[in-house]
Amino acid sequence: MKLTGFELRRVSMPLVAPFRTSFGVETERDILVARAVTPEAEGWGECVAMREPLYSPEYVDGAVDVIRRFLAPPLLDAADLHPQAVAGRLEPVKGHQMAKAALEMAVLDAWLRARGESFGTHLGAVHDRVPAGVSVGIMDTVEQLLDVVEGYLDEGYLRIKLKIRPGWDVAPVRAVRERFGDVLLQVDANAAYTLADARTLARLDGFDLLLIEQPLGEDDLRQHAELASLLRTPVCLDESIISAKAAADAIALGAARVINIKPGRVGGYLEARRIHDLCRAHGVSVWCGGMLETGLGRAANVALAALPGFVLPGDTSASGRYYDEDITPPFVLENGYVRVPDGPGLGVEPIPDVLRERTTATEWLGS
Ligand SMILES: CSCC[C@@H](NC(=O)CCC(=O)O)C(=O)O
Ligand SMILES: [Mg+2]
């Protein structure tokens, strides 16, 4: 497939409510959307990098720069580009997994649309719908948290994930467990603790959590392994897993018994599938994490979450969890599940008027 070019587009997506984590508060996503244009079809990619490099080293302005100067040219030069060849062509550029993932996703979407094959079929989906979990931010009071969690449970969400940080951990978890009984419950620290907090984290063992996500720093694999030996609750890694190799190291070191797979974080959906296959071979459960994607990334995530090793509900919420209006037809909850699109490629497309309204900048890279 010969690329005519990439259109880069910044899309402003205000959140329905502030989303607070241990590293900051999100009120609006400034999202980079890439459109791959070829003579046969067009494809859409979404970069999950945030405005500031606080979740990971990448940030959206940096992603635009690295795409414009280093990632798009080798792909545009290819006489006949296959989606499986994108990662290899981009390998000389170190890091920038989120930027690379956006381009690979756009190329893969165009390639699949040209063939009439869905993302789910191509990745190996075995379900036509996936159970939806929801991520709940840090709140001002426990009462406020309980109201928000009750709302999500009323909507039908099948798993609750609570953001935690030092000073907001045991109390909110206890309150949710006491109020809502044996709901599927997990926590995400976004690397806010250190090994010195092991005694506090061990107090979470009493609440039958599915997992504790990324309690320590991104590069603390050995320390996560040590913490895991002190906790009953399974340790799950998110920020640390930037590739299949990192997943293999984490498993070998005993640093993770569960892995949150985020395609943008690992360099794309094909690497995400490799991590799924690796984890399955080691009996490690995986689930699909989220980065507050629009319906474009959400469609691809839901397709990935339908693979057999995704045995835990992911952060594959309805579009309405974050956005009043999505740039694609919204993903909705149906009895706690989200349907896997079955059309060619992503199976969804941006709604032209909404995309135009939300666009803050566009740039053409190509002939
Ligand atoms: C703004 S926080 C983004 C990263 C965070 N993502 C979520 O909590 C889920 C977001 C979603 O539902 O898409 C994580 O560390 O897992
Ligand atoms: Mg996380």
Side-chain angles (χ1 to χ4, degrees), residues 13-31 46-60 97-98 101 130-139 145 148-149 152 155 157-165 168 185-193 209-218 220 224 234-242 250 256 258-266 272 286-302 304-305 312-323 326 330-331 333 338:
M13 299 290 287
L15 299 189
V16 292
F19 183 47
R20 190 185 305 170
T21 68
S22 64
F23 61 80
V25 182
E26 283 292 297
T27 56
E28 178 245 356
R29 291 281 277 117
D30 173 4
I31 295 180
E46 178 168 346
C47 181
V48 300
M50 303 175 76
R51 200 205 309 272
E52 298 174 85
L54 299 177
Y55 163 80
S56 80
E58 293 189 74
Y59 62 104
V60 65
Q97 279 84 354
M98 294 176 177
V130 296
V134 65
S135 183
V136 183
I138 293 166
M139 304 275 164
L145 176 75
V148 168
V149 169
Y152 289 137
E155 285 183 55
Y157 282 102
L158 296 173
R159 181 271 277 143
I160 297 293
K161 159 170 152 176
L162 301 178
K163 291 294 185 179
I164 61 171
R165 69 176 176 208
W168 177 269
L185 184 59
Q186 64 194 56
V187 295
D188 184 1
N190 287 108
Y193 295 84
L209 298 177
L210 289 171
L211 54 95
I212 177 169
E213 186 179 344
Q214 200 71 41
L216 311 180
E218 174 187 340
D220 286 340
H224 274 106
V235 172
C236 169
L237 292 179
D238 171 352
E239 288 89 334
S240 297
I241 310 300
I242 58 170
V258 184
I259 286 180
N260 166 340
I261 296 181
K262 286 182 183 172
R265 184 193 70 222
V266 303
V286 300
W287 54 283
C288 186
M291 292 295 286
L292 294 78
E293 289 91 344
T294 73
L296 295 171
R298 204 160 294 276
N301 285 356
V302 167
L304 178 74
L312 292 167
D315 292 338
T316 49
S317 314
S319 297
R321 164 44 188 118
Y322 292 107
Y323 305 119
D326 204 335
F331 281 82
L333 225 49
V338 174

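Counting starts at 1 for both ligands and their atoms, in listed order. Quick caveat, the model's predicted, so the values are computed rather than measured.
- The Ser135 neighbourhood of ligand 1 comprises atoms 7 (C), 8 (O), 9 (C), with distances under 4.0 Å to a heavy atom of that residue.
- Every atom of ligand 1 with a heavy atom of Asp238 under 4.0 Å away is listed here by number and element: 14 (C), 15 (O), 16 (O).
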Give the intermediate values and the outcome of side chain to side chain donor-acceptor pair (under 3.5 Å) for residues Asn190 and Glu239.
CA-CA 8 Å; Asn190 287 108; Glu239 288 89 334; 2.8 Å; yes
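- For atom 1 (C) of ligand 1, the closest non-hydrogen atom of the protein is Met50 CE, 3.3 Å.
- Looking at heavy atoms from C-beta onward, Cys288 lies out of side-chain contact with Lys262 at the 4.5 angstrom threshold.
- Relative ring orientation between Phe23 and Tyr55 is described as tilted, the plane-to-plane angle lying within the 30° to 60° band.
- With Lys262, Arg20, Gln214 as candidates, the residue nearest to atom 4 (C) of ligand 1 on a non-hydrogen basis is Lys262.
- Using a 4.5 Å heavy-atom cutoff, the side chains of Glu213 and Asn260 are in contact.
- Among protein heavy atoms, atom 10 (C) of ligand 1 sits closest to Tyr322 OH, 3.2 Å.
- The shortest heavy-atom contact between Tyr157 and Ala318 is OH-N, 3.0 Å.
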Starting from the C-alpha separation in whole Å, work towards a yes-or-no answer on side chain to side chain donor-acceptor pair (under 3.5 Å) for Tyr323 and Arg29.
CA-CA 10 Å; Tyr323 305 119; Arg29 291 281 277 117; 4.6 Å; no
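- Judged purely by distance below 3.5 Å, without hydrogens or angles, the side chains of Arg165 and Tyr193 never pair a donor atom with an acceptor atom.
- Among the atoms of Glu213, an N, O or S atom is found under 2.8 Å from the Mg ion (ligand 2).
- Listed by number with element, the atoms of ligand 1 under 4.0 angstrom from any heavy atom of Asn190 are 14 (C), 15 (O).
- The protein non-hydrogen atom at the shortest distance from atom 9 (C) of ligand 1 is Asp315 OD2, 3.3 Å.
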Check the pair Asp238, Arg265 against salt bridge (charged side-chain N to carboxylate O under 4.0 Å, His left out), reporting the backbone distance first and the verdict last.
CA-CA 9 Å; Asp238 171 352; Arg265 184 193 70 222; 2.6 Å; yes
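- When atom types are taken as modelled, the side chain of Arg51 and the backbone of Asp30 share no donor-acceptor pair closer than 3.5 angstrom.
- The contact set between ligand 1 and Glu26, taken as ligand atoms under 4.0 Å from a residue heavy atom, comprises 1 (C).
- Of the protein's heavy atoms, Lys163 NZ, 3.2 Å lies nearest to atom 5 (C) of ligand 1.
- Exactly one of Glu218, His224, Gln214 qualifies for a side-chain hydrogen bond (donor to acceptor under 3.5 Å, both in side chains) with Ser240. That residue is Gln214.
- At the top of the distance list for atom 6 (N) of ligand 1, counting protein heavy atoms only, stands Gly290 O, 3.0 Å.
- For atom 13 (O) of ligand 1, the closest heavy atom belonging to the protein is Leu292 N, 2.8 Å.
- Residue-ligand proximity: Glu213 is placed with a non-hydrogen atom under 4.0 Å from ligand 1.
- Across the listed options Lys161, Glu239, Met291, Lys161 owns the non-hydrogen atom lying nearest to atom 16 (O) of ligand 1.
- The distance from ligand 1 to the heavy atoms of Phe19 drops below 4.0 Å at these ligand atoms: 1 (C), 2 (S), 8 (O).
- The Mg ion (ligand 2) lies at the vertex of an angle of 180° between the OD2 atom of Asp238 and the OD2 atom of Asp188 (rounded to 10°).
- Note: an N/O pair closer than 3.5 Å links Asp188 and ligand 1 by distance alone.
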Could you walk me through whether Gln186 and Arg159 pass the side chain to side chain donor-acceptor pair (under 3.5 Å) test, one step at a time?
CA-CA 8 Å; Gln186 64 194 56; Arg159 181 271 277 143; 3.2 Å; yes
